[in-house]
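In what follows, every chain begins at residue 1, and chains take the letters A, B, ... in the order their sequences are listed.
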2 protein chains.
Amino acid sequence: MAYIMNRDERSKIINLQELKVSCSDCSLHQLCLPKMISKEDMHTLNNIIVRGKSLKRGELLFNFNDTFRSIYVVRSGSLKTVYAKEDGIEQVIGFYLAGELLGFDAINGYHPCSAKALETSNVCEVPFEHLEALSARMPSLQHQLLRLMSKEINTDQNVMVLLGKKNAEVRLASYLLSISSRYQQRGFFSQDFYLSMSRSDIGSYLGLAVETVSRTFSLFQEQDVLMVERRHIIIKDRDYLQRLANGSDECGADVNKNVREY
Amino acid sequence: MAYIMNRDERSKIINLQELKVSCSDCSLHQLCLPKMISKEDMHTLNNIIVRGKSLKRGELLFNFNDTFRSIYVVRSGSLKTVYAKEDGIEQVIGFYLAGELLGFDAINGYHPCSAKALETSNVCEVPFEHLEALSARMPSLQHQLLRLMSKEINTDQNVMVLLGKKNAEVRLASYLLSISSRYQQRGFFSQDFYLSMSRSDIGSYLGLAVETVSRTFSLFQEQDVLMVERRHIIIKDRDYLQRLANGSDECGADVNKNVREY
DNA sequence: CGCAGGGTTGAGCGCTCTCAATATAAGTGG
DNA sequence: CCACTTATATTGAGAGCGCTCAACCCTGCG
């Protein structure tokens, strides 16, 4: 029987080879702040970035109510952001994969949520004061900063659309497609991957109970849409997921029967 | 019997007196881009802004897929943004009142959603190219721009929290408190106001069926928490709404009984 | 080997959806 | 100004999806 690596072992492979490179050598620079920036400017940007901040599974990058100081970029691994609600219950409102930036919701002064590593992860820290000063001198950086914040708004709004209307199958299908395409953008397998988040995280994010998430995974497995083995996911019928997510009602049962008409 | 003005008549009163003033004279400048900007800089900003764009109820400010050109500020009245979904069904994802900015989700090039006036409204248009160029020369403007975008992210994330967890009563209570406090910030009555959006808009925004919204209004009326007469709302027991929204379970029935534990 | 955390599955119930009818207000044209 | 149409809102009845509670399984780890 083949040896199966656990979460942290898998992520360490990427970790080691990516550590301590400069922005220009980083495989993620097309997704990150340096995009569309000239060689010289990238060098300047390079100098303000604090590299190699490492987090173990469960560690906090920043906590709810912390003073805002920096924007962070995920170099490897993944994180979730959670809102603290009444009773100590927390709600997951975002997942961040390699190349994605977090902290844009805190520019007003304080972090409204906590960021926790889902696995062994590595992040770059970009002190915001410096970034802001640099942006004022580099129009292309300012532009990229605004674009990235706009993208964050888009992401959040898409989640709102997801949460606002659809049933469990549709939500999970959309979620898997989103994760899958984000992996693809990063050059990973998009049909065969390991989720770094628990069922409970997914449920919290999608507004569903853990049991419902689990049941829906099982349903997809029965329907031969997915192969599921705990966090190892293989997408067997991407079209079906796509049709579910797009709301076309050609998926056997009428998936729209419970969708409100506005 | 007293004569009751309709929506448009009410908003016209504000319209006429606010038209064609410069930013420095605008009562909304504390909420808007000019906040914390020097006199001279405000004058420069003033010159790039196109004022007095007027919209009738139902008119579009921009449409889904339109090329992005400008950020807009609501001067008077109110707008909603809607995502076009499959089947021509639309979902409301934001409401914008006087002093609030919209368009930040389109900086990547195209508007992902449409913006429609809920009543006779007046907006200022801020051409983004100019705004960006100006920001590069005015650190305080750049800062304010980033803050406003961060705030938009906060708003969206709060909606995600709302949609992710709570039942109809809690959602509507949170919604009314949010609207109420935004009115208060603008110097209007916070306990006695007219909603500019329909039940259907509210339902779409909160992820509830129209009928559920209506029923919940009726429930609050029965419980003497609100006085409701179509879109005229009087808040009689703000504390109760607050307790609902905060999730404390001292509100008669156990409101948390249907809230998932994560 | 036993324990803990995460995941799966089952049973039952309740909130909210759907469908439907009616009421009220707003808008339109003669 | 009034009848007509349309949009919006309210209310009722019934059904279903997803939640809660509960038991069990699996995996990893000390």
Item to check | A:Gln157 side-chain N/O to A:Asn154 backbone N/O, donor-acceptor pair under 3.5 Å | outcome: no

Checklist entry - Is A:Asn158 reaching over with its side chain to a backbone N or O of A:Thr155, donor-acceptor style, under 3.5 angstrom? => result no

Checklist entry - By ring-ring contact (aromatic ring centres under 6.0 Å, His included), which residues pair with B:Phe217, not counting sequence neighbours? => result none

Next on the checklist: Suppose we screen for ring-ring contact (aromatic ring centres under 6.0 Å, His included). Which residues come up paired with B:Phe95, at least two apart in sequence or across chains?
Outcome noted: B:Tyr175, B:Tyr205

Item to check | Axis-to-axis angle between the two ends of the helix from C:dC1-D:dG30 to C:dG30-D:dC1 (five base pairs per end, rounded to 10 degrees) | outcome: 40°

Checklist entry - Tell me the salt bridge (charged side-chain N to carboxylate O under 4.0 Å, His left out) pairs involving residues 96-105 of chain B, sequence neighbours left out? => result B:Glu100-B:Arg182, B:Glu100-B:Arg186

Checklist entry - Tell me the salt bridge (charged side-chain N to carboxylate O under 4.0 Å, His left out) pairs involving residues 211-228 of chain A, sequence neighbours left out? => result A:Asp224-A:Lys236

Checklist entry - Between B:Phe188 and B:Tyr183, how do the two ring planes meet: parallel, tilted or perpendicular, split at 30° and 60°? => result perpendicular

Item to check | Parallel, tilted or perpendicular, as decided by the 30° and 60° cut-offs, for the rings of B:Phe220 and B:Tyr240 | outcome: perpendicular

To the nearest angstrom, how far is [X] atom [atom1] from [N] atom [atom2]?
X: A:Asn167; N: C:dC15; atom1: CG; atom2: C1'; value: 16 Å
X: A:Arg171; N: D:dG18; atom1: CZ; atom2: P; value: 8 Å
X: A:Leu208; N: C:dT16; atom1: CG; atom2: P; value: 15 Å
X: B:Glu222; N: D:dG12; atom1: CD; atom2: C1'; value: 14 Å
X: A:His232; N: D:dT27; atom1: NE2; atom2: P; value: 15 Å
X: B:Asp201; N: D:dT8; atom1: CG; atom2: P; value: 8 Å
X: B:Tyr194; N: D:dT8; atom1: OH; atom2: P; value: 18 Å
X: A:Arg57; N: D:dC29; atom1: CZ; atom2: P; value: 10 Å

Checklist entry - Phosphate oxygens OP1/OP2 of D:dA9: is one of them under 4.0 Å from a side-chain N or O of B:Arg231? => result yes

What does the list of N/O pairs under 3.5 Å between the protein and nucleotides 8-11 of chain C look like, with a distance for each?
| unit_1 | atom_1 | unit_2 | atom_2 | d |
| --- | --- | --- | --- | --- |
| C:dT8 | OP1 | A:Arg199 | NH2 | 3.2 |
| C:dT8 | OP2 | A:Arg199 | NE | 2.8 |
| C:dT8 | OP2 | A:Ser214 | OG | 2.7 |
| C:dT8 | O5' | A:Ser214 | OG | 3.0 |
| C:dT9 | OP2 | A:Ser218 | OG | 2.4 |
| C:dG10 | N7 | A:Arg215 | NH1 | 2.8 |
| C:dG10 | O6 | A:Arg215 | NH2 | 3.2 |

Checklist entry - Between A:Glu125 and A:Lys53, does at least one N-O distance fall below 4.0 Å, as a salt bridge requires? => result yes

